[in-house]
There are 2 protein chains.
Amino acid sequence: MAVFTERGYDSASMELLANRLGITKSAIYHHVTSKEALLALALERAHEGLFAVAEEARSLDAPAVARLKRLVHDSVTVLVRNLPYVTLLLRVRGNTEVERRALERRRELDHLAAELVTEAIADGDLRSDLDPAMVARLLFGLVNSLVEWYRPEPGDTGEPLADAVITMAFDGLVVASPQPDATCAPITPP
Amino acid sequence: MAVFTERGYDSASMELLANRLGITKSAIYHHVTSKEALLALALERAHEGLFAVAEEARSLDAPAVARLKRLVHDSVTVLVRNLPYVTLLLRVRGNTEVERRALERRRELDHLAAELVTEAIADGDLRSDLDPAMVARLLFGLVNSLVEWYRPEPGDTGEPLADAVITMAFDGLVVASPQPDATCAPITPP
DNA sequence: GTCTATACATGGATAGAC
DNA sequence: GTCTATCCATGTATAGAC
């Protein structure tokens, strides 16, 4: 996985993998039938985490915004905890059959996100001046872009990062304006 | 460029490029000395546009937030108009000397963004509860992630897209709360 | 500018001994 | 489970004719 991440799947030759493992190319083929099988295994692992998150967000008993926020938040933590696997998944281009199947499964996740955004807008919880499909893509573009720069320490669950993503995407970067429910209300001392 | 975008630089063989061009591999070498030279040319073109934007944002006579917004906005339009080139740049992993130089130059841009964010926070225009370096990376992660899904029609300048990015990142997705300068002010009829 | 032919290295993968 | 040796396709790149 380290070699795949550093060089990219295509540029990571079996020779290079073997060197890093301290064995020969042919020894690898005792454990796995092909290079592509190695890729399939890794992609499977990435999907596992992401689909678990999607399932949980979907089954949550809460308004669409809340489910969407949960989906975004937990996607970040899964991404952080399975960084090499998710990175590989996100870099797949569809050159082979294995890659195309992975892309299809990713689209299912995109679809769920788009549904939640649409519903949240209908609820009046998200601004209606942006296209729902575009919002969904911007949101997950933001999440997915983390693989390009975030380098977690061992033990990092990505919790603060997930909160930062939620804050920027939902509340924006400009200084906090009063929340709707607090607007113009006098400050009540505790 | 189309082949590079579809298959990735590494997987795009000279044979494949030649087929698409309708000539033979060797004919390509009459125009360019190596495959890597082809990459260098493309990366150069991507940098041109991005650095021009950075220079303009830097030299703007306005508060840091405004310069930052301009940088983000124009980065989106450059990305849209030079999509294949910027896509290639963003997928470079540093496997060769040419790629490493490209990564270094990209870091200069990241640095400028981080400076603007820091300054804007100091000005009190951006929320101070998020790490400036993190904000800069989230912002440009968001911008860069566009190459993964945005497919402009010919003639598309990316203007509405750039506005959407600015809106989401700076104002957030939740329904517009009153702007600070309008807070609690009675609505004035025109 | 383009072609055919070819050089030479490296790619993924297999055979068979230990 | 790992090795050496090897197969064959493909990779980048060059030589030299047209």
Side-chain angles (χ1 to χ4, degrees), chain A residues 1-47 84-106 147, chain B residues 1-47 84-105:
Chain A
M1 290 310 303
V3 176
F4 280 165
T5 312
E6 290 162 18
R7 314 271 308 216
Y9 172 73
D10 287 318
S11 293
S13 70
M14 295 300 270
E15 182 69 40
L16 206 62
L17 294 174
N19 286 346
R20 192 72 78 90
L21 290 165
I23 57 177
T24 59
K25 274 199 292 184
S26 43
I28 298 179
Y29 287 95
H30 179 77
H31 304 272
V32 76
T33 65
S34 69
K35 189 186 172 186
E36 204 173 8
L38 225 47
L39 178 63
L41 280 169
L43 294 180
E44 186 49 43
R45 177 144 169 187
H47 273 129
Y85 303 94
V86 177
T87 302
L88 198 61
L89 173 62
L90 294 175
R91 288 186 184 156
V92 151
R93 304 256 62 82
N95 292 350
T96 66
E97 198 48 45
V98 167
E99 299 189 14
R100 279 187 286 274
R101 266 222 315 283
L103 286 176
E104 261 180 51
R105 299 191 65 188
R106 261 185 65 194
V147 304
Chain B
M1 289 310 302
V3 176
F4 280 165
T5 311
E6 290 162 19
R7 315 269 311 213
Y9 172 73
D10 287 317
S11 293
S13 69
M14 295 299 269
E15 182 68 40
L16 207 63
L17 294 173
N19 286 347
R20 193 71 78 91
L21 290 165
I23 56 176
T24 59
K25 277 197 291 184
S26 43
I28 299 179
Y29 287 94
H30 178 77
H31 304 273
V32 74
T33 65
S34 69
K35 189 184 171 187
E36 204 172 7
L38 225 46
L39 178 63
L41 279 170
L43 294 181
E44 186 49 44
R45 176 141 168 189
H47 273 129
Y85 303 94
V86 177
T87 301
L88 198 60
L89 173 62
L90 293 176
R91 289 189 183 153
V92 151
R93 304 255 62 82
N95 292 349
T96 66
E97 197 49 44
V98 167
E99 300 189 14
R100 278 187 286 275
R101 266 222 317 283
L103 287 176
E104 260 179 52
R105 301 190 65 188

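A note on names: the letters A, B, ... follow the listed sequences, proteins ahead of strands, and every chain is numbered from 1.
If you measure from atom NE2 of B:His30 to atom P of D:dG16, you get 17 Å, rounded to the nearest angstrom. Between the P atom of D:dA13 and the CG atom of B:Leu17 lies a distance of 11 Å, rounded to the nearest Å.
Checked against C:dC3, D:dA13, D:dT2, the side chain of A:Ala27 finds its nearest nucleotide in D:dT2. Side chain of B:Tyr29, nearest nucleotide from C:dA15, D:dT2, D:dT14: D:dT14. Among D:dA13, D:dT2, C:dG12, the nucleotide with an atom closest to any side-chain atom of A:Lys25 is C:dG12. Side-chain atoms of A:Lys35 lie closest to C:dA13 of the nucleotides C:dA13, D:dC3, C:dG1.
For the contact set between residues 6-16 of chain A and DNA chain C, defined by any heavy atom under 4.0 Å, the members are A:Ala12, A:Ser13, A:Met14, A:Glu15.
At least one side-chain heavy atom of A:Asn19 sits less than 4.5 Å from a side-chain heavy atom of A:Glu15. Side-chain contact between A:Phe4 and A:Leu17 is present, with heavy atoms from C-beta onward closer than 4.5 Å.
Contact check, B:His31 against C:dT2: a side-chain N or O comes under 4.0 Å of OP1 or OP2.
A salt bridge does not link A:Glu104 to A:Arg101: none of the charged side-chain nitrogens sits closer than 4.0 Å to a carboxylate oxygen.
A:Met1 contributes atom CE, which lies 7.5 Å from atom OG1 of A:Thr87 (distance to the nearest 0.5 angstrom). Taking NZ from A:Lys25 and CE from A:Met14, the interatomic distance works out to 8.5 Å, rounded to the nearest 0.5 Å.
Side chain B:Ser26 to base C:dT2: no donor-acceptor pair is found below 3.5 Å.
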Exercise for the section: Please report the C-alpha distance between B:Glu99 and B:Arg91 in whole Å, then the side-chain angles of each, then the deciding distance to 0.1 Å, and finally whether the salt bridge (charged side-chain N to carboxylate O under 4.0 Å, His left out) criterion is met. Expected result: CA-CA 10 Å; B:Glu99 300 189 14; B:Arg91 289 189 183 153; over 6 Å; no

